Amino acid sequence: MKLLFVFILIMAPLMSSCNNLNQPLDCSDIYQQDKSKPSGVYTIYPMGGRSAVQVYCDMATAGGRWTVIQRRIDGSVNFYRPWDFYKMGFGSAAGEYWLGLDNMHYLTNKQQKYELLVDMEDFEGKKVFARYSSFKVGAECGGYILQVSGFTDGGAGDSLIYHNGMKFSTFDKDQDLWPENCARKFMGAFWYNTCHYANPNGVYRWGADNSLFAVGVVWHHWKGYDYSLKTISMKIRPVQ
């Protein structure tokens with residue numbers, strides 16, 4: 001019995017180490033395990049052993065290691081969804097998806113600090129970005145409050161700072177500061193204020209379209225309210 005106890009004590013760190021290697025927290029962990037891994041779909045465990053979720057890992061942009069938390073590329077997924085979908089996540093990591101507010105909260109509330117990169121492209125092929133040195137999503141009990149700061153301009157302008165400190169809203173859970181429902185009015189879901197400069201989860205509308213004001217995939221400081229972007233992706237990684 002004593003020998004068995006000693007064996008368990010010796011093996012516990014090894015088993016724990018192997019478990020950590022097999023259950024990466026994010027794409028940065030995957031990169032650290034093998035720096036030759038290409039961009040693509042991988043499995044991470046934001047909340048531990050039973051929280052497996054597929055994500056797209058960007059291993060190429062600005063040093064790689066990015067965990068994509070939101071992506072729009074072709075309009076194939078409907079983003080006008082209720083609260084529970086935004087809480088848990090939806091879509092396909094190989095295409096368009098939303099990682100889920102719970103996953104974002106657990107990832108960004110670990111000991112390490114996370115940064116955010118927002119890549120976007122218009123239908124003319126021009127690409128720009130906005131980068132933030134600090135990104136954090138609060139707990140559900142507080143409304144998943146967004147904390148974002150440290151802006152660096154890659155041509156997109158800063159359309160996100162207006163949303164800093166806001167709770168997340170959907171058409172069935174209104175937590176914005178407008179008397180009406182921003183998510184319902186602008187057919188999306190986001191950290192709306194009164195209402196938005198950024199609407200990345202809006203309706204995919206194929207470029208310039210002023211028939212319905214600001215309901216598209218909008219980044220106001222780059223293309224204004226009447227232009228819906230071709231692609232936009234939000235991605236995070238630990239700050240080194």
Side-chain angles (χ1 to χ4, degrees), residues 8 11-74 76-119 135-147 168 170 173 189-191 200-201 231-240:
I8 292 173
M11 290 301 294
L14 296 177
M15 289 187 290
S16 175
S17 175
C18 290
N19 189 52
N20 290 337
L21 288 173
N22 292 329
Q23 296 182 349
L25 177 70
D26 58 16
C27 294
S28 182
D29 281 355
I30 293 171
Y31 177 85
Q32 296 303 333
Q33 292 172 19
D34 182 354
K35 293 179 173 59
S36 68
K37 283 186 178 295
S39 298
V41 177
Y42 296 90
T43 301
I44 62 171
Y45 300 81
M47 293 178 272
R50 295 186 179 181
S51 67
V53 59
Q54 285 196 319
V55 298
Y56 189 88
C57 294
D58 180 349
M59 302 299 197
T61 303
R65 303 188 295 115
W66 298 101
T67 301
V68 176
I69 61 174
Q70 183 267 7
R71 187 164 65 159
R72 309 292 300 277
I73 54 176
D74 56 15
S76 60
V77 173
N78 178 14
F79 273 65
Y80 191 51
R81 299 192 182 218
W83 178 263
D84 286 347
F85 282 83
Y86 275 93
K87 170 183 165 69
M88 302 304 297
F90 59 86
S92 168
E96 296 194 328
Y97 74 100
W98 174 262
L99 181 59
L101 291 162
D102 272 352
N103 288 322
M104 295 179 198
H105 167 66
Y106 280 104
L107 280 173
T108 60
N109 283 268
K110 301 293 183 181
Q111 289 185 347
Q112 63 264 54
K113 177 181 175 183
Y114 274 79
E115 61 179 319
L116 169 72
L117 178 64
V118 187
D119 283 328
F135 174 82
K136 191 173 185 178
V137 176
E140 182 179 15
C141 60
Y144 293 118
I145 291 174
L146 172 68
Q147 296 179 36
F168 200 87
T170 58
K173 193 173 182 70
F190 203 56
W191 292 278
N201 299 324
T231 71
I232 187 168
S233 62
M234 301 173 65
K235 54 194 77 172
I236 62 174
R237 71 181 178 189
V239 176
Q240 288 185 321

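The basis for the numbers below is simple: all heavy atoms, side chains too, and nothing from hydrogens, waters or symmetry mates. This structure is a prediction, so every number in the text was calculated from the model and none was measured.
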Colleague: Has Arg81 got its NZ or CZ under 6.0 Å from the middle of the six-membered ring of Phe90, at an angle within 45 degrees of the ring axis?
Modeller: yes
Colleague: Go through the structure and list residues passing side-chain contact (heavy atoms from CB on, under 4.5 Å) with Asp84, not counting sequence neighbours.
Modeller: none
Colleague: Hey, mind stepping through Trp191 and Val137 against side-chain contact (heavy atoms from CB on, under 4.5 Å) and telling me if it holds?
Modeller: CA-CA 10 Å; Trp191 292 278; Val137 176; 3.9 Å; yes
Colleague: Please name all residues satisfying side-chain contact (heavy atoms from CB on, under 4.5 Å) with Lys87, sequence neighbours left out, ordered by chain then number.
Modeller: Trp83, Asp102, Glu140, Tyr144
Colleague: Do you see a donor-acceptor pair shorter than 3.5 Å between the side chains of Arg71 and Ser233?
Modeller: no
Colleague: At what distance, to the nearest 0.5 angstrom, does OG1 of Thr67 lie from CG of Leu116?
Modeller: 11.5 Å
Colleague: Just do the side-chain contact (heavy atoms from CB on, under 4.5 Å) check on Glu115 and Trp66 with the steps written out, would you?
Modeller: CA-CA 9 Å; Glu115 61 179 319; Trp66 298 101; 3.7 Å; yes
Colleague: Give, for atom OG of Ser28 and atom CD of Gln33, the distance between the pair rounded to the nearest 0.5 Å.
Modeller: 10.0 Å
Colleague: Got a second to check how far Ile236's CD1 is from Phe135's CZ, nearest 0.5 Å?
Modeller: 6.0 Å
Colleague: Between the side chain of Gln70 and the main-chain N/O of Pro200, is any donor-acceptor distance below 3.5 Å?
Modeller: yes
Colleague: Arg72 versus Phe79: any side-chain heavy-atom pair under 4.5 Å?
Modeller: yes
Colleague: Spell out, as yes or no, whether a donor-acceptor pair under 3.5 Å connects the side chain of Thr170 to the backbone of Ala189.
Modeller: no
Colleague: With the side chain counted from C-beta on, respond yes when Val53 and Leu99 share a heavy-atom pair under 4.5 Å apart, and no when they do not.
Modeller: yes
Colleague: Nearest 0.5 Å please: distance from the CG atom of Asn109 over to the CD atom of Gln147.
Modeller: 8.0 Å
Colleague: Are any non-hydrogen side-chain atoms of Lys110 and Leu25 less than 4.5 angstrom apart?
Modeller: yes
Colleague: Less than 4.0 Å between a side-chain N and a carboxylate O, is that true for Arg237 and Asp26?
Modeller: no
Colleague: With rounding to the nearest 0.5 Å, note down the distance linking CG in Asn103 to CD1 in Ile69.
Modeller: 10.5 Å
Colleague: Given the side-chain rings of Trp98 and Phe190, with only the six-membered ring counted for Trp, is the space between their centroids under 6.0 Å?
Modeller: no
Colleague: Would you say the side-chain atoms of Tyr31 pair up with the backbone N or O of Ser36, donor to acceptor, closer than 3.5 Å?
Modeller: no
Colleague: Sequence neighbours excluded and cut-off under 3.5 Å, please list the side-chain donor-acceptor pairs for residues 39-46, or say none.
Modeller:
residue: Ser39; atom: OG; partner: Met59; partner atom: N; Å: 2.9
residue: Tyr42; atom: OH; partner: Pro38; partner atom: O; Å: 2.7

Colleague: So with a 6.0 Å cut-off around OH of Tyr80, is the heavy-atom count from everything else above 12?
Modeller: yes
